[in-house]
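Quick note: numbers below take in every heavy atom, side chains included, and nothing from hydrogens, waters or symmetry partners. So that the names make sense, note that chain A is the first sequence line, chain B the second, and so on, each numbered from 1.
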Number of protein chains: 2
Amino acid sequence: MRDKPMTIRDIAKEAGVSRATVSRFLNGGHWVSEESAKRIQDVIDRTDYVANERARSLATGRSNSVAFLLGEPQELLFADPNFSTLLRSIADELGRKGMSLIMMTTDNENENRRNLKYLRGGHVDGVLLVAWHLGVRKGLIHSLHAMEMPVVVAEYPSVDSDSTSYVHVDDYRGAIRATRYLAERGAGSIGMIAGPEGPSGTLARVRGYRDVVKDMTGEPAWIEHGDYSKDSGHDAALRLLDRAPDLDGIFASSDLMAVGAMQALRERGKSVPGDVQVIGFDDQPLAQISEPPLTTMRQPFAEIGKRMVDQLLVLLEGGLPVGTTLPLELIVRQTTR
Amino acid sequence: MRDKPMTIRDIAKEAGVSRATVSRFLNGGHWVSEESAKRIQDVIDRTDYVANERARSLATGRSNSVAFLLGEPQELLFADPNFSTLLRSIADELGRKGMSLIMMTTDNENENRRNLKYLRGGHVDGVLLVAWHLGVRKGLIHSLHAMEMPVVVAEYPSVDSDSTSYVHVDDYRGAIRATRYLAERGAGSIGMIAGPEGPSGTLARVRGYRDVVKDMTGEPAWIEHGDYSKDSGHDAALRLLDRAPDLDGIFASSDLMAVGAMQALRERGKSVPGDVQVIGFDDQPLAQISEPPLTTMRQPFAEIGKRMVDQLLVLLEGGLPVGTTLPLELIVRQTTR
DNA sequence: TTGAAAGCGGTACCAT
DNA sequence: ATGGTACCGCTTTCAA
C-alpha cells in the first residue's frame, strides 16, 4: 500500500500513454487500442489504482450518489423494522448500481434548512424522499422541485403528483382484502382500528374497510383511531368492544395495534381467533413472534426500496417521472380461522 | 431559484472582490476587511450561494464525510431495532457536526472488495465500522489500517486493539449485574441462555454470570447457547429445564431469547416471575411489549453512536485512538420480583 | 488585507 | 487511436 494515492498521471506515465487515454480506458475503453488497454490494465492491477471520485464528479458534474432524505423528526421511524427494511433495500440496490447513499435525517427546522442547503451544494444527483407527514412531504417536494432536484417519493406525493416520481402501496385494496378475508372466514361484525386521522393512507384503508363491510356483512362499520402504538391499539379495541360487544373481527392498521388489541381482547375474556379474529397490517417481525402469530397484510418494503432506486435512475437518465402502486400481500397466520 | 448554480466566481464578481477573498471569507473570514465581508455576505444572502463541496474537497483533500461500514451480510441486523438506534444516533451526531454519512453494506465478498476500493477512492475521511463477527472484523480492521484509514469500531477490535479506536459495552459487568439482581430477588438456581459461542461478548457475559453464580448461590452454573432468535431461546430454556427442573431464574443474552424462554416456561406450566424470574439483554422495544414486560439490561446504543462519531473526529484531527467502555443499565420491569 | 495563479485529479474537446 | 489542453469550482501559497 502506498501513502500518496496514485493519480491518473502516475498510471499514464507508467503505462507510457497520455492521461486522456487512461481516462478513456477507465470510462468504457472505447478508442483505445488493445495494446494500450493491456498496458494500462497491467499498471492498474499492479498499483491497485482507484480513480478519485470527487475529481471525477467535479469534471463531469455528476456525483454518483443519492441522498436518502428523512424529512421529519421520527424517533419511532428508526425503531420501526419496516423502515429499516426500506433503508436496507435502498442501500443494497444503490450499491449494486455502483452509487453511494448519503443519509440525511431531519430533527428540526434548522436541520431541514441545512439539509436543503447541502442538497443544493451539488453533493448528490437525486433524492429519495421519505416523509410520511403530509405537510412536510408537500413542502419538501416543493423545495426539491424548485432546485430542480430529481426525486422519488415513498408514498403518494399529494402535490405535483403527475410530475413527481413515487412508489407507494395500494392501501385501498389492501384494506379490502383484509376485511373481506375476515368476512370470508366467518366474521359478521367487523371493527377497524385505523391509524391517525389525516394521512391519505389512513383514508384509503378506511374506505376499503367501509366498502367491504357495507357489501358483505350488512353490519354497521365500527371505526376507532389509534396512533400505531400498541397501547393505542389496546385502547381502541376496548372502545370498539364497548360500542359493539358482539364484535367477532378486528382489522388493525398496524401489527403493533393488532397486538395491543389482542391484549385487550384477552382482558375481556375473548379468545383469538375463537371469539374474535384479528388481522394486522405491515407484517413486521413482531407478527411472527406474537401469541398467536398474527395474520396480516404484508407491506413490500424491500420492493418499494428497489423501485425507488430504479425510478430515480430513470430520472437521472432524463426519463419521465412515473408512479408505481404496489399490492399488499395477505399473510395468513393464526389469528384468523 | 437559478438554473446553473452560482460559483465562487459569480460571488466574487458581484461583490467586487477576488475569489480568493471570498474563499477566505467562507473559511472563517480571517484576513478580510469588514468592508469586503459585508459585501460578500450580502451577495451570498441574496443569491443563496452554496459552495460546491466536491470542488472544495478536491482542493483540500478532505471530504467531510464518513462511511458507516457494515462489514457482513446481516439481514437480521437491519431488523434489529438496536442496530437502527445506533445508525440513527450516528446520523444525527454527524449531521450536527456538519458531516455527511455514507452507508455501505456488504452482502458478499464481491461487495466487500468494492467497498474497500471505494474507500480507497478518497470519498471519505474515516470509517465507522460495524462487524460483529470476529473474523470479519479483524480482516476489515486490517485492511483499513493498511490504507491508513481512520476508523472507529463498534465492539472490541480484538486485533491491534491498542492502535484502534473502539466503543463497546461492558458485557462482563452487565452480566454480573443481571445475574446478581436475579439472586438478590430470591433466585437460588439460575440458568443462562447465552449467545452463540465464539464472540468475545458471549464469553464476557458467560464469565460474569459464572462468577456471580459461584459467589452468591453456591449452585452450579447452567448454560445453554442460542443464536439470539426467539426460537433458540425457547429451545434453550427447555434444555435448561430438563437439566435443572428447579430453576427459578433465567438470564438470557437477548430480549428475543428471553421472550422465547418465557414461552417455553409457560408451556411447562411455570409462571413468570412467580416460579421463574427472567431477565433479558438489550432493552429493545419488544421488551416493553412482551407479556409481562421484560426486565432487562439496556444497551446504550445511542450513546455508543455518539461516542463513535466523537472519537472518529478526534482521529481526523490527528488525535490518538482510544477505547471507550460503556456501562449497561438495569431496567426493572415485571419479569423479576 | 488582497489578488494572481498554481494546483487538486479527473474529463472531454479538438487536432493529429 | 492518441495526446494536448482547457476546464470543473475551490483552496492556498506568495507577492504586492
Could you check if a side-chain atom of [X] sits within less than 4.5 angstrom of a side-chain atom of [Y], using non-hydrogen atoms only?
{"X": "A/Asp125", "Y": "A/Pro150", "result": "no"}
{"X": "B/Glu109", "Y": "B/Arg113", "result": "yes"}
{"X": "B/Leu313", "Y": "B/Val66", "result": "no"}

(request) Look at atom CD of A/Glu34 and say whether more than 12 heavy atoms of other residues, nucleotides or ligands are closer to it than 6.0 Å. (result)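 Atom CD in A/Glu34 is not packed in, count stays at 12 or less.
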
(request) Report the C-alpha separation of B/His168 and B/Thr324 in whole Å, then their side-chain angles, then the decisive distance to 0.1 Å, and conclude whether the side-chain hydrogen bond (donor to acceptor under 3.5 Å, both in side chains) test is met. (result) CA-CA 6 Å; B/His168 77 161; B/Thr324 301; over 6 Å; no

Grab the [atom1]-[atom2] distance between [X] and [N] for me, whole Å please.
{"X": "A/Asp10", "N": "C/dC8", "atom1": "CG", "atom2": "P", "value": "11 Å"}
{"X": "B/Lys38", "N": "C/dT1", "atom1": "NZ", "atom2": "C1'", "value": "18 Å"}
{"X": "A/Arg62", "N": "C/dG9", "atom1": "CZ", "atom2": "C1'", "value": "19 Å"}

(request) To the nearest 0.5 Å, tell me how far A/Leu70 CG sits from B/Arg88 CZ. (result)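 With rounding to 0.5 Å, CG (A/Leu70) is 7.5 Å from CZ (B/Arg88).
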
(request) Check every strand shown and say whether A/Ser57 touches a base, only sugar-phosphate, or nothing at a heavy-atom separation below 4.0 Å. (result) nothing

(message) Under 4.0 Å from OP1 or OP2 of C/dT2: is there any side-chain N or O of B/Ser36 that close?
(response) yes

(request) Run the numbers on A/Glu303 and A/Lys306 for salt bridge (charged side-chain N to carboxylate O under 4.0 Å, His left out), then give the verdict. (result) CA-CA 5 Å; A/Glu303 183 67 16; A/Lys306 185 177 175 326; 6.0 Å; no

(message) Between B/Ser65 and B/His123 (side chain of the first, backbone of the second, donor and acceptor by atom type, cut-off under 3.5 Å), is there such a pair?
(response)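 Yes; judged by distance alone, with no hydrogens or angles, the pair exists.
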
(message) Base contacts versus sugar-phosphate-only contacts with protein, heavy atoms under 4.0 Å: please encode nucleotides 10-16 of chain C as B, S and - from 5' to 3'.
(response) BBB----

(message) Please determine whether salt bridge (charged side-chain N to carboxylate O under 4.0 Å, His left out) holds for the pair B/Asp107 and A/Arg96, giving the CA-CA distance in whole Å, both sets of side-chain angles, and the decisive distance to 0.1 Å.
(response) CA-CA 10 Å; B/Asp107 258 342; A/Arg96 202 162 294 127; 5.0 Å; no

(request) Give me the one residue out of A/Ile102, A/Leu140, A/Leu144 that meets side chain to side chain contact (heavy atoms under 4.5 Å, CB included) with A/Val127. (result)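 Looking at A/Ile102, A/Leu140, A/Leu144, the match for A/Val127 under the side chain to side chain contact (heavy atoms under 4.5 Å, CB included) is A/Leu144.
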
(message) Of all nucleotides in DNA chain D that come within under 4.0 Å of a heavy atom of chain A, which is furthest toward the 5' end and which toward the 3' end?
(response) D/dA1 to D/dG9

(message) Using side-chain hydrogen bond (donor to acceptor under 3.5 Å, both in side chains), reason through A/Arg24 and A/Thr21 one step at a time and then give a plain yes or no.
(response) CA-CA 5 Å; A/Arg24 277 191 300 263; A/Thr21 302; 3.2 Å; yes

(message) Roughly what angle, to 10°, lies between the helix axis at the start of the helix from C/dT1-D/dA16 to C/dT16-D/dA1 and the one at its end, five pairs per end?
(response)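 Here the local axes at opposite ends form an angle of 40°.
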
